[in-house]
Protein chains: 2
Amino acid sequence: MKGSKYKNNAKNWTDTETEAWMGLVKAQQLLYRKVEEELKKKGYPCLNWYDVLWELDRSEDGSLRLNDLGKRVLFDKYNVTRLVQRLEEEGLVSRTQCPVDGRGVFACITDKGRKLRREMWPIYQDTVKKSFFSKFNKKELKELKNFIERIQASGLEETVQ
Amino acid sequence: MKGSKYKNNAKNWTDTETEAWMGLVKAQQLLYRKVEEELKKKGYPCLNWYDVLWELDRSEDGSLRLNDLGKRVLFDKYNVTRLVQRLEEEGLVSRTQCPVDGRGVFACITDKGRKLRREMWPIYQDTVKKSFFSKFNKKELKELKNFIERIQASGLEETVQ
DNA sequence: CCATATTAGTTGCACTTGCAACTATATATA
DNA sequence: TATATATAGTTGCAAGTGCAACTAATATGG
């Protein structure tokens, strides 16, 4: 075991690490922009909307409490309220009271919402694929996925108001 | 070898890839939030400001044309105008006309600006370090950096209005 | 069962961002 | 050199976001 040299306390952040971080942030911001650009170009709404629709679409019965939804898409609660409101105005989502918790509100995706998400997906997908995944081979993709799982597994997830 | 199923054209995006992407986005958003939270908690401005100060601080003589600056921090030009304006109001940056190009404007970091950036850095660093880099060993970090270089090298960089 | 604390969600206000139109300078073309 | 085109930066307006204060309902602890 190469053991103790694999330490990483906050005091010595190497150039490699700094660059890795900066690079990662920038790369992702670029890609995010690119996806949004493509969506907009074709007259579709932005990724926020997509994410919400996606979380609802994949959920048990197409609905989630605003609270849960917010945690999944990493939105603050007041923004969830407002985003869901906008989605409702477009008929992509409907809102209902929670029967067991008087405070609760469900957002439920409509057929129109599901349809829109389905249409947006290939644009999203192709862009990410072309600009990102096509750079990696299978082995690297697996490595990448490992990274990600490690990050996720390590309790970065609390946060959110 | 499981062979030919390991293809990567835009038509078949595997679950692995999808999850990798989603995971990466979320992980980074979480981390980004966390850094902002820490900064705010200690009374510092948000990462946008940091990024601008950082780009100026590291640049030749502490100044950049708004245009260049915008490209580096991935801000649209109208947002650069306004962000620099706010920074100027706080005395963190000064603006000067470009002598050779009548359209051009330089943003130049002040001592106060440099000082602020220096103070913000350890907070930023510690947070990323704790939540992110501590999950990887040296070898993985190098791999990660390779990924990033590949992405960057591959022309994701145009974009920006 | 009452008082208190917590949680879900909403809202007003100030600030930030996106879009499109605009000014002014620089570059290219004829 | 006159004309068209492109580039740098700014600005008005509409929309989105952050913060703090708020309402209403639930959970907790005596």
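Because the structure is predicted, anything quoted here is derived from the model rather than measured. Residue numbers begin at 1 in each chain, while the letters A, B, ... track the order of the sequences. Computed over heavy atoms, backbone and side chain alike; hydrogens, waters and symmetry mates excluded.
Counting any heavy atom pair closer than 4.0 Å across all strands shown, Val100(B) reaches sugar-phosphate atoms only and no base atom. At the heavy-atom level, Asn48(B) lies under 4.0 Å from the strands shown only through sugar-phosphate atoms.
Phosphate proximity of dT10(C) to Thr81(A): present, with a side-chain N or O under 4.0 Å from OP1 or OP2. Between Arg65(B) and dG9(D) there is a side-chain polar atom (N or O) within less than 4.0 angstrom of OP1 or OP2. An OP1 or OP2 oxygen of dT11(C) is reached within less than 4.0 angstrom by no side-chain nitrogen or oxygen of Arg82(A). Here Asn79(B) does not reach the OP1 or OP2 of dT16(C): none of its side-chain N or O atoms lies under 4.0 Å away.
Closest to the side chain of Val105(B), out of dT10(D), dA8(D), dG9(C), is dT10(D). For Asp76(B), taking side-chain heavy atoms from C-beta onward, the closest of the listed nucleotides dA8(C), dG18(C), dT11(C) is dG18(C). Comparing dA24(D), dA20(D), dT17(C) against the side chain of Arg86(B) picks out dT17(C) as the nearest. Closest approach to the Tyr78(A) side chain among dA20(C), dT10(C), dA26(C) is made by dT10(C) (side chain taken as heavy atoms from C-beta onward).
Inspection of the Trp54(A) and Tyr124(A) side chains reveals no N or O donor paired with an N or O acceptor under 3.5 Å.
Nucleotides of DNA chain D nearest to Arg103(A) and Trp49(A) differ in position, and the one nearer the 5' end is that of Trp49(A).
Nucleotide dT17(C) holds its C1' atom 11 Å from the NZ atom of Lys40(A), rounded to whole Å. Regarding Lys77(B), its NZ atom lies at a distance of 7 Å from the C1' atom of dG9(D), rounded to whole Å. Between the CZ atom of Phe75(A) and the C1' atom of dA8(C) there is a distance of 18 Å, rounded to whole Å. Distance, Gln85(A) CD to dT11(C) C1': 10 Å, rounded to whole Å.
Minimum interatomic distance between Leu64(B) and Leu56(B) (heavy atoms only, all atoms of both residues): N-CD2, 3.7 Å.
Open room surrounds CG on Asp111(B); 12 or fewer heavy atoms of other groups in view lie less than 6.0 Å from it.
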